[in-house]
Amino acid sequence: MSPADSMIAAPEAGFAAMGLRPEILRAIDEMGYSQPTPIQAEAIPYVLKRTDVIGIAQTGTGKTASFTLPMLDILAAGRARARMPRSLILSPTRELATQTARNFEIYGKYLNLSMALLIGGVGMGDQEKVLEKGVDVLIATPGRLIDWFERGRVLLGGVEVLVIDEADRMFDMGFMPDVERIVSLLLGRKQTLLFSATMPPEVRRLADRFLDHPIEIKVAPPATTAATVEDFIVEAGEDKKKTLAKLIRREGIEKAIIFCNRKREIGGVMRHLQRAGLNARDLHGDLEQHHRQLTLDQFTKGEVDFLVATDVAARGLDVSNMPCVINYDVPLNPDDYVHRIGRTGRAGRKGRAFTMVGPEDRKLLANVERVTQRNIKRLVVGEAGNDVIDDKDPGRDADMARTGRHRLARPSEPVPDADNSSPSPVAAGGRRRRRVETERPAAEPAPVVAASTARQPAKAASPARRDGAKGGRGSQEEKRSESPVLGFGDDVPAFMLQKVPARLRSRNVADESDED
DNA sequence: AAAAAAC
């Protein structure tokens, strides 16, 4: 095709140009989508070519469809045998597995493929019949899948495509033994796809043992927060629950997920909100699966306004109307910050995220800011006359001096009623709010998007593992470039543009040495 | 400092 042709054809480029089957295109069209997101534009062609893929892209930018759509296309060509699934998707939580299953249903509705969802906490009867007949798509959490395998009801030797969703989580110490065992049961040639918004270098190295000449696609550097989420730090007073209720009231928050680090904290926080007249529910792994599913459904439908949850809800969950995330605690694992706040600001929508920081959370916060390479704005929430934080904790100044990052407003500094110079939704509206931002030491990073592999010559012999090689997130030597998001030409939707410091940008090199 | 994942 000549350049002129491609220009004329531009409006039709998109999912159709990728060669997906008409049945899939029709389902995509019915969902109202016409253009792939950057990660979809990049990953789908490689999945269709049966290449192993590591896909890194920010939360809410369509990673699930990046594997779902091409897998449906691949699977439509064959036929399943009894107890021998042809593909397997592993998820870290039951809720995420369920959601992924819905995605396969939606996009596979015009294809005659069968699917089974194997998760714990639910009866095994329904799953059994489908499995017995043979499934094209098996979606599972590790424990229940192993259970089925040990009962001899599922054989994994016929799996042609393996997806490890939220891969870095699946490779952590708690999950890795199960994942290794499951992967060891997949015999012969298979294609492996790993996806996440985060991928610490040390975890990335672990991934190598599962991959064969992978293409590494990074639409943004690992641990890049979604550009559509505006996040804030909130100084938590002695009474954290009170601060939470106050934050919700003063910021006019009508719906949010509230993340706590511990299960045992959740009931108390929920009840405090309920006593304050808010419609709140709990969600964590000690609750019955029926309760978990019901609560999540109600929250999704808008029948529940506040979900107080552990990190069981941190990854992957896609609730369409989710204006706000609140971290009642700073997450212990800094990458989880990216995932938690990524529950809002999805698919181009705006979102706000507030993180409550007590004295004991400062180190954790420093980790978050290091990993995300960002300085998060400070927000002061308080009643009139009582709204400036008493900043005499000696630990703070030492901390801040060491990290060279932040300084809270001094008590003597004036606190504006609203910051009208900011486009922030916090400042919008006549509500009585107070906000103070810290100085931002470095220049605000310009919107930059990481270039990706596809257009690079396939000359490099070594896989593109800049992160794994050395430096990783801490590297400072990358040069800034103005590359557009691949797959979008010049029409990059604004929401895809990244808040990424140039020094963090990753380059990728295709390793296609075994192709063609 | 935790959570998740089978029964």
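Remember, predicted model here, so these are calculated numbers, not experimental data. Chain naming here is simple, since letters A, B, ... match the order of the sequence lines and numbering starts at 1 in each.
- Near DNA chain B, meaning a heavy atom under 4.0 Å away, the residues from residues 146-153 of chain A are A:D147, A:E150.
- Atom OH of A:Y328 is separated from atom P of B:dA1 by 20 Å (rounded to the nearest Å).
- Checked for salt-bridge contact, A:D147 and A:R151 meet the test: a charged N lies under 4.0 Å from a carboxylate O.
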Using residues 297-307 of chain A as the side-chain source, report each donor-acceptor pair under 3.5 Å to any protein atom, sequence neighbours left out, with the distance given to one decimal.
from	atom 1	to	atom 2	distance (Å)
A:Q298	OE1	A:R281	NH1	2.7
A:T300	OG1	A:L296	O	2.7

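- Applying the 4.0 Å criterion to OP1 and OP2 of B:dA4, one finds that A:T310 has a side-chain N or O inside that range.
- Taken residue by residue, residues 123-133 of chain A places no heavy atom nearer than 4.0 Å to DNA chain B.
- Remark: A:T93 is not in phosphate contact with B:dA5, judged by side-chain N or O atoms under 4.0 Å from OP1 or OP2.
- For A:R169, no side-chain nitrogen or oxygen approaches OP1 or OP2 of B:dA3 to under 4.0 Å.
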Which atom pairs, one a donor and one an acceptor, fall under 3.5 Å between side chains of residues 257-267 of chain A and the rest of the protein, sequence neighbours left out?
from	atom 1	to	atom 2	distance (Å)
A:N261	OD1	A:R340	NH2	2.8
A:N261	ND2	A:V330	O	2.9
A:K263	NZ	A:D286	OD1	3.1

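- Within residues 289-297 of chain A, the residues having any heavy atom under 4.0 Å from DNA chain B are, by residue number, A:R292.
- The nucleotide whose nearest atom lies closest to any side-chain atom of A:L332 is, among B:dA6, B:dA2, B:dA3, B:dA2.
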Show the atom names and distances, to 0.1 Å, of all donor-acceptor pairs under 3.5 Å that link a side chain in residues 153-160 of chain A to residues at least two apart or in another chain.
from	atom 1	to	atom 2	distance (Å)
A:R153	NH1	A:E128	OE2	2.9
A:R153	NH2	A:E128	OE2	2.8
A:R153	NH2	A:E132	OE1	3.4
A:E160	OE2	A:R86	NE	3.4

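- At B:dA4, one or more side-chain N or O atoms of A:K263 fall inside 4.0 Å of OP1 or OP2 (strictly under the cut-off).
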